[in-house]
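To find a chain, count down the sequence lines: A is the first, B the second, and so on, and within it residues start at 1.
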Protein chains: 2
Amino acid sequence: MEKKYIYKRVTLNDVAAEAGVSAITVSRTIRAPTMVSAGVRKKVQAAIDLLGYVPDQAASALASERTNVVGLLVPSLANSVFSDVLRGVYDVIEGSGLSVQIGNFRYSPSKEENLLRTFLRQRPAGLIVAGIDQTEAAHALLKSAPCPVVQIMDVSDAPIDLMIGFSHYDGAVEGTQHLIEEGYERPGFLGARMDPRSQARLAGFTAEAQARGVYDPNRVITTTHPSSVGIGGQLLSDLLAQAPDTDAVFCNNDDLAAGALFEAERRGINVPRDLGICGFNDLEMSRHLNPAITSVATPRYEVGAGAMTLLRDAIADRAAIGTPQIRLGVQLMKRGSTKRG
Amino acid sequence: MEKKYIYKRVTLNDVAAEAGVSAITVSRTIRAPTMVSAGVRKKVQAAIDLLGYVPDQAASALASERTNVVGLLVPSLANSVFSDVLRGVYDVIEGSGLSVQIGNFRYSPSKEENLLRTFLRQRPAGLIVAGIDQTEAAHALLKSAPCPVVQIMDVSDAPIDLMIGFSHYDGAVEGTQHLIEEGYERPGFLGARMDPRSQARLAGFTAEAQARGVYDPNRVITTTHPSSVGIGGQLLSDLLAQAPDTDAVFCNNDDLAAGALFEAERRGINVPRDLGICGFNDLEMSRHLNPAITSVATPRYEVGAGAMTLLRDAIADRAAIGTPQIRLGVQLMKRGSTKRG
DNA sequence: CTGTTAGCGCCTTCAA
DNA sequence: TTGAAGGCGCTAACAG
């Protein structure tokens, strides 16, 4: 690395000298323009443009005890759900002057706690955390955090602060209901990873199947492995080995659903005639499969964008009017034909 | 937000007092342990653990003119390629004390330049940038950046600094060659987005098809829309409308390939007998489709992990031994049966 | 509305 | 190997 270029750093004082005012006035012009008279503001702005001044975030953070960094705590970077959320976050953050720092806690509650502690030491402007199932310690840390906190991807009656998500339980109920109403009588459940939100989906499936009198624990197949198309095929195989007369599956997500569909194809099982499949998330792929599969559409992008919007407003002290807990809906995308249709 | 908890910030001085040494000694214990005697080191470490000291990054950055932030510039957050790279980056960064700041320049060279300028002002510890096709200005900025720079996802003879990627051109040549060797005689190309790396794949396809005497510009269908499964189907439709006797397609990526496969199914076209399909990237899904499709596997995770490793070592001044330009291979994953097989 | 003063927590430089 | 002094660039708290 023989690259060595000295950036002639332009500071507040340089701008102040150029504009003929004091440094603090320049600072205010940037942070709170309304506190500065229009004439001065114009002069300062001209000096800023002329010199190409860019504020030093480190100095600002040190002096003000606050950063412009939003911490984003996610359990995994491997799944497509997260990338949609991230996209929403970044779309909203654009031009806000905020930046994101991602922490991947790998589904480990203790790692989540540690990341949280580290983040909090850096005086984040805000925090976005996935889920509502933090440890007691993490919950306490978040509760007393000196910045707004948004819980995402789920809903609960006891939010820490802000919240935006949807009900995994309700989504699973809807999907299961759909299968039953389409005429399937022996629905099963395929689940991988089985994190708390997957558990909620299983609970929704179970409740609905029981309510309809079609629940059979032998038709519930789960694994703690991460989800994948391949695993979906395997789980279906396991299910059919264990309960061959199963005529429908509610899948924890669309990767599993696609895998189940491909496996059914391979086995010559007619979908949807002999096997109904309902997925979860409604990935783009799902509506192009043959047959396209029904799926519960989840507002992943909206969760990311909404979380960042809540945070941006809270940071700007324009706390959202009304309840800052947003429950987004899920939408059943019906695609499979009716059973034996 | 009535949450107001004052963190009793633990500083270097607190640790110093606890350990009975001066603040600077604590600082050195953390940054350069070898400069401190073993006995003192142990005492200081004990004090750090006892008080739960976490260094203040802002103060550190201000005083030292350097941060522990690595800037990561990507053209998009929407595609799955990026999430694999990100996963690699985060796996390696763990425990290094570095953190990542993502900049999404949305395939806009001017936005890339601006992000670069903003990043550089914040004294990044390093920079990872996607591609080799920066504007002249961006190239100059990177060339003179006061930190290591890694270009990723592509290879070239004129790296700015460090580099890790693979040849999109060669990958496309391999895929095209495969189709031809399997007996297909009228191969086409489907491409979306058509960013520089997509263009390189098209160039590879074109060169190989021409070399084999089977190139026909009417069989090249591209769009600047983002890639998706749906677009893959559309592109195949367009191709077949324009050149109905096309008997194979090399697809710019696996999303398009899956879409093409589904569209072929819908039209009753037998794959692979009447239409050969080769994708690019080898997403997990591709080996579970029916029929599974051949794809050019790209080391996306390895690029992310490798880039972060190069950077980590360069930052620690243990510059990699030998060439810091790494060309990773791609691997053709043959899955379709032979034509008319 | 504008300026002065002081200091955020750490690291660089120099001295011991 | 350890310490003392000073300042990085900015902003909080006052004053005018």
#### Entry: Earlier contact from the 5' end, DNA chain D, for A:R28 and A:T11
A:T11
## Note on the structure
Atom CD of B:E65 and atom C1' of D:dG7 are separated, to the nearest Å, by 11 Å
### Query
A:R123 CZ to D:dT11 C1': how many Å, rounded?
12 Å
### Query
Touch check for B:L12, heavy atoms < 4.0 angstrom, all strands: base, sugar-phosphate only, or nothing?
sugar-phosphate
### Query
In whole angstrom, what separates A:Q57's CD from C:dG9's C1'?
18 Å
### Query
Quick one: which of C:dT2, D:dT11, D:dG9 gets closest to the side chain of A:S37?
C:dT2
### Query
Below 4.5 Å, heavy atoms only, C-beta onward: do B:I128 and B:L73 meet side chain to side chain?
no
### Message
Is any side-chain heavy atom of B:S83 closer than 4.5 Å to one of A:F82?
### Response
no
### Query
Starting at the 5' end of DNA chain D, which residue's closest nucleotide do you reach first, B:V21 or B:S64?
B:V21
### Query
Do the side-chain N and O atoms of A:R31 and A:S27 include a donor-acceptor pair separated by under 3.5 angstrom?
yes
### Task
Would you mind reading off the distance between B:R121 atom CZ and D:dC8 atom P, rounded to a whole angstrom?
18 Å
### Message
On the nucleotide C:dT2, are OP1 or OP2 found under 4.0 Å from the side-chain N or O atoms that A:S22 carries?
### Response
no
### Query
Of all the nucleotides listed (D:dT11, D:dG9, C:dT4), which has the minimum atom distance to the side chain of A:R31?
D:dT11
### Query
CD1 of A:I24 versus P of D:dC10: gap in Å, rounded?
11 Å
### Query
Between C:dT2 and A:T25, is there an OP1 or OP2 to side-chain N/O distance shorter than 4.0 Å?
no
### Query
Between atom CG in A:L62 and atom P in C:dA6, what is the gap in whole Å?
18 Å
#### Entry: Side chains of B:Q57 and A:T67 in contact at under 4.5 Å (non-hydrogen atoms)
no
#### Entry: Cationic N near anionic O, under 4.0 Å, B:D133 to B:R197
yes
### Query
Atom CG of B:D56 and atom P of C:dG7: how far apart are they, to the nearest Å?
18 Å
#### Entry: Between P of D:dC8 and CD of B:Q122, the distance in whole Å
18 Å
